[in-house]
Each structure stands twice: as structure tokens, then as C-alpha cells.
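Below is one structure, written out as C-alpha cells; the observations come after it.
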Amino acid sequence: MRADLLLDEVEGLDEALAAVDGFDAVLVGGLLRPQPAQAVGLSGLADAVAGTPLASRVAEAAEKTSAGGGDEGHFVALAAARTALLGSVHDALVARVDEVTGRPVAGTVGAAPGAGEDRPGNLLVAAHGWLCDLARAGWQGIDHELVGGAAPVVSAMLPDPALRRLATLLDGFAAELAACCPGAALERVPVRRWADLWARALLLTLPGAASAPAVDAVSGRLLPLGVDVQEHATAVQAQVHAVFEPADGGASRLVRASVSAPKPDTVVGAGLWQLLRPHMSLLAAVGEGRAVELDAMPLTAEGDLLWDDARARAGEPADAFTTARVALPAAAACAVSPLDRHPARIAVPVLVEGYGVADAEEVAGEVVLDVAGCRLRVDADRVPAAGPLTPGAVASSGACLGLLRWDAGEFLLQPLAVERTVRGKPVAVHAGAWAGGTTDKAGVRAEKAATDAVTVLRERAGRLLRK
């Protein structure tokens with residue numbers, strides 16, 4: 001791993017992000033009557049894509065919107081330009097990661113047969129109109145009446161599986177906006193986040209934009225690397241990163257398998273596994289340190305396994321660090337679809353060894369690894385409370401298997417597992433060690449507390465349903 005390359009400047013990166021930031025600042029005040037200072041952000045976005053096929057449409061959109069005459073078509077062009085710029089940032093950063101790891105480069109994503117078929121136009125038009133109204137008002141101009149306009153659209157979309165992706169995005173976005181109304185009273189606006197959600201949702205309202213990637217049935221051996229737990233107040237997701245070795249002897253690939261479940265906000269920590277275990281046998285394999293044999297398991301072109309327990313069976317023991325040292329270097333990453341090309345989506349499995357740990361006082365209590373003279377900060381906020389892995393364990397380790405991410409202008413390492421030396425022997429500590437159950441005292445206590453909470457909630461829900 002060429003850690004020194006992580007610190008080298010990526011050409012054009014700052015300029016692209018500056019153009020995105022300039023446009024995002026315009027959305028704060030709204031696109032209805034942009035002020036002269038906001039016009040600079042619009043022209044900067046147009047200049048940034050001047051040498052691309054979007055050039056003429058974005059230039060027109062920027063000019064019309066600056067004069068207060070922008071329409072919905074112009075807003076789409078601006079959203080497309082912003083998305084394309086962030087896509088170029090994503091591609092540049094992924095190219096740098098490919099240099100760092102020396103792995104094979106990903107291919108392209110194809111669409112599934114029939115993916116471009118028409119969707120209910122009236123619902124897409126309604127969603128499109130609501131998003132454009134948001135852009136006109138700006139984040140400082142939102143109120144409950146404007147934000148509430150999404151509710152009937154979302155309710156009508158949710159029953160249709162083809163529209164559920166957009167409906168879920170709109171529902172969550174509207175909930176965030178509603179919690180911050182009125183916009184005029186906001187002291188701090190999540191500028192980048194809301195602009196990301198707005199642009200993504202607006203483009204998903206276009207015909208064919210939500211096309212699913214092609215899916216293939218694959219057979220072979222799955223070697224888990226680790227689990228990334230993503231928790232929300234009302235939902236939890238466990239995403240397993242793994243190396244897939246095809247049975248036909250083809251090139252190995254980096255893949256993911258995810259399972260999610262709704263949850264009450266009282267279930268936290270190790271209790272999350274109780275909600276997730278019934279849905280995926282892979283979690284048991286991760287907890288036990290085993291491979292999984294797949295038989296005709298659906299796999300998208302983007303590397304996501306559409307998990308089906310009936311097509312999987314537990315295999316032989318497989319140590320994640322052995323997998324990382326032997327199989328990971330030759331595993332190719334799968335391609336990323338155009339709308340998913342965003343820097344926040346970068347999560348590349350890597351193995352870091354032979355590092356030191358920077359002085360804690362010098363880095364204000366954060367864990368920073370010194371890899372061959374290069375500093376790599378550990379993203380301790382992403383270490384889940386649902387396992388035995390802690391920032392302290394990372395600080396005392398000699399090898400770290402994690403996800404390389406990019407945030408706020410730097411590469412970060414999210415630990416999935418570490419190796420420590422205890423009494424002269426290497427001992428592994430995994431974030432997902434409790435996924436399939438545990439005899440660890442702390443884990444057992446957390447599981448019991450969660451079991452009690454889930455039991456009480458189920459009893460209450462049962463009484464409500466019987467009334």
C-alpha cells in the first residue's frame with residue numbers, strides 16, 4: 001500500500017469542489033430571485049463544465065436563473081452539472097486509491113433489461129415540481145406548508161416498488177427539512193448535505209434515471225472481510241464487505257451484502273444484531289469467521305449481492321486477515337453507476353500494517369496512524385458500539401483491516417478489524433464479532449438488555465394491534 005500517495009494533491013480537485021460549493025451557496029437563498037453575489041456561484045458552475053457536453057445547456061441555465069427566469073428544465077441542468085462535478089471528484093479519488101492499492105481497475109455498469117421502461121409520469125412530475133419549488137424558495141425560505149407538499153407524493157409512490165427508492169429519499173429529505181422549519185430561523189444550514197439530497201432526488205425524477213444495474217447469478221466462495229454497521233434512530237443496516245471467488249475460476253471481485261431492518265430508538269449497541277440476524281445467515285458466518293458457499297446468488301454490476309439464504313451455505317473457517325493478505329490484493333472493485341459517483345460513497349477495503357500511532361496529545365485525542373511516515377487519521381466515529389472493537393484497540397494494534405474513505409478534504413480509515421499482540425500471540429478484534437452471537441461478558445450483558453427492551457416493545461405492539 002503506497003500510503004504516501006494519499007497525501008499527494010489531486011489535480012483539479014479543489015477547483016471542482018469550489019464550483020460545487022458556490023452553487024450550493026446559491027441554494028441557501030433560493031433560485032427565484034438570485035442576488036448578484038449568487039450569480040457568481042451559478043456562473044462558476046457553468047464555467048466548471050465548459051468543456052463538456054453539458055456546457056451549452058448549463059450556460060443557458062445559469063444565465064436565465066441569474067436573471068430570475070430559470071424554469072424547471074434549467075434547474076435540472078444545474079443539478080446535472082453539480083452531479084457531474086462530484087462524479088469527476090469521485091473518479092479522481094478512486095483513481096488515486098487504485099494507485100495506492102495497486103488493484104485492478106473496475107469496469108462499467110450496464111442497465112438491466114427493461115430498466116428504461118416508463119414509470120407513472122404524474123407522480124414523477126409531482127415530485128419534480130415539489131423539488132423545483134424547494135429550489136426557488138431556498139433553504140432559508142422553507143416553511144411547513146412548502147415542506148408538507150411532499151407527503152401526498154410520497155404516500156402515492158411508496159406502494160410502487162419501482163418508485164420506492166425515490167419515495168424513500170423524498171420522505172427522509174422532507175423529514176429533515178420539516179425538523180428545521182422555518183428556514184429563516186436556522187442558525188446553521190447543512191449546505192452540502194441538502195444540496196446532495198436535492199440534486200439526487202431531482203435527477204431521479206427523470207425517465208430512466210432510476211434504472212437498476214444488470215444482475216447476474218454467481219456461484220463460488222465468499223470470503224468476508226468485515227461489517228460496516230450504519231445506524232439511524234429508526235433503522236439499522238449491516239453491510240458486509242467481502243472477496244468473491246467465482247467457482248469457474250474467473251477473477252475475484254470485491255462485493256457487498258447488506259441487510260437492514262426497522263428499529264425502535266431504544267434498541268442500540270449489541271441489541272442491533274437481534275433485529276438483523278433473522279434476515280441473513282452471512283452475519284453468522286462473519287461472527288464465526290467462516291467462508292460462505294454461494295449457488296446462483298444474484299449479484300448486481302455494482303457489486304451488491306441480493307442476499308438469499310436459500311442460495312448460501314456455511315463453508316470452511318476463513319480468517320479475515322488471511323483473506324486480506326492473500327486474496328484482497330488481486331480482487332477487482334466493481335463499477336459505480338453514474339448517480340452513485342459521489343466522494344461520500346467511497347469505501348474501499350484495505351489492509352494497513354507496520355504502522356505506529358501518533359502521540360495522542362499531539363492530535364487532540366484522535367487516533368492517527370503513522371504509515372511509513374504518512375499520517376492516516378482513523379474515523380473513530382464510525383466504529384460501532386455493537387461490537388468489541390474500540391478506538392483504544394486500534395491505538396494498540398499492529399494491523400488494521402478497514403475501509404478507506406474520503407471526507408472533508410482527506411482520506412480516513414474506518415476500522416473493521418485489528419490485530420493486537422497479547423502475551424506474544426496475535427489476537428484479532430472484529431467490529432462484527434458479535435454478529436452471530438457472543439460469549440463475551442460485555443456483549444452478553446448488552447444483548448440481555450436489548451432482549452428485554454425488544455420483548456416489552458413487542459408486547460405493547462401486540463396489545464395495540466388487538467384493540
Side-chain angles (χ1 to χ4, degrees), residues 1-3 5-6 8 10 13 86-112 212-216 218 220-228 230 237-246 248-258 282 286 291-292 294 297-307 318 320-352 376 379 382 400-407 411-417:
M1 177 173 167
R2 290 282 311 278
L5 294 176
L6 296 177
D8 289 351
V10 178
L13 187 72
L86 285 173
S88 70
V89 171
H90 169 277
D91 291 351
L93 292 171
V94 168
R96 176 58 51 85
V97 172
D98 290 339
E99 289 183 67
V100 170
T101 61
R103 286 191 204 135
V105 180
T108 58
V109 173
V215 177
D216 192 16
V218 297
R221 185 170 67 157
L222 190 70
L223 302 169
L225 294 168
V227 185
D228 176 21
Q230 301 161 6
Q237 175 177 271
Q239 187 173 71
V240 178
H241 291 260
V243 174
F244 172 68
E245 298 179 335
D248 61 7
S252 59
R253 284 178 277 178
L254 285 172
V255 297
R256 300 173 297 268
S258 302
L282 179 56
V286 170
V292 182
L294 306 184
M297 183 75 74
L299 174 68
T300 72
E302 292 189 270
D304 289 298
L305 289 165
L306 307 182
W307 197 260
F321 281 93
T322 301
T323 298
R325 293 184 176 109
V326 178
L328 181 57
C334 291
V336 182
S337 65
L339 284 185
D340 288 333
R341 290 165 56 241
H342 190 289
R345 194 183 185 278
I346 296 173
V348 182
V350 294
L351 175 65
V352 185
L376 181 60
D379 192 353
R382 288 183 179 267
C400 181
L401 174 57
L403 299 176
L404 195 61
R405 294 186 178 274
W406 190 87
D407 185 34
F411 284 101
L412 306 173
L413 181 66
Q414 175 191 343
L416 298 179

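Remember, it's a predicted structure, so these values are computed and weren't measured experimentally.
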Is any side-chain heavy atom of [Y] closer than 4.5 Å to one of [X]?
X	Y	value
Leu13	Leu93	yes
Pro298	Asp216	no
Leu225	Leu254	yes
Leu376	Leu404	yes
Arg103	Val97	no
Trp307	Leu294	yes
Val100	Val350	no
Arg253	Leu299	yes

Might you point out which heavy atoms bring [X] and [Y] nearest each other, and give the distance in Å?
X	Y	answer
Ala330	Ser252	O-OG, 3.6 Å
Val227	Ala238	CG1-CB, 3.9 Å
Ala318	Ala291	CB-N, 3.6 Å
Met297	Leu306	SD-O, 3.6 Å
Trp406	Pro343	CE3-CB, 3.7 Å
Ala242	Pro224	CB-CA, 3.7 Å

Are the side chain of [X] and the backbone of [Y] linked by a donor-acceptor contact shorter than 3.5 Å?
X	Y	result
Arg382	Asp228	no
Arg96	Leu5	yes
Glu302	Ser337	yes

Spacing of [atom1] belonging to [X] relative to [atom2] belonging to [Y], to within rounding of 0.5 Å:
X	Y	atom1	atom2	value
Leu412	Leu6	CG	CG	10.5 Å
Arg325	Leu401	CZ	CG	9.0 Å
Ile346	Phe411	CD1	CZ	6.0 Å
Asp379	Leu413	CG	CG	8.5 Å
Asp304	Gln239	CG	CD	6.5 Å

Exercise. Got a sec, which residues hit side-chain contact (heavy atoms from CB on, under 4.5 Å) with Ala327, two or more places apart in sequence or on another chain?
Worked result: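 side-chain contact (heavy atoms from CB on, under 4.5 Å) check on Ala327 returns Leu223, Val243, Glu245, Thr323.
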For this session: Sequence neighbours left out, what passes side-chain contact (heavy atoms from CB on, under 4.5 Å) with Pro415? Give chain and number order.
Result: Val378, Val383, Leu389, Val394, Cys400
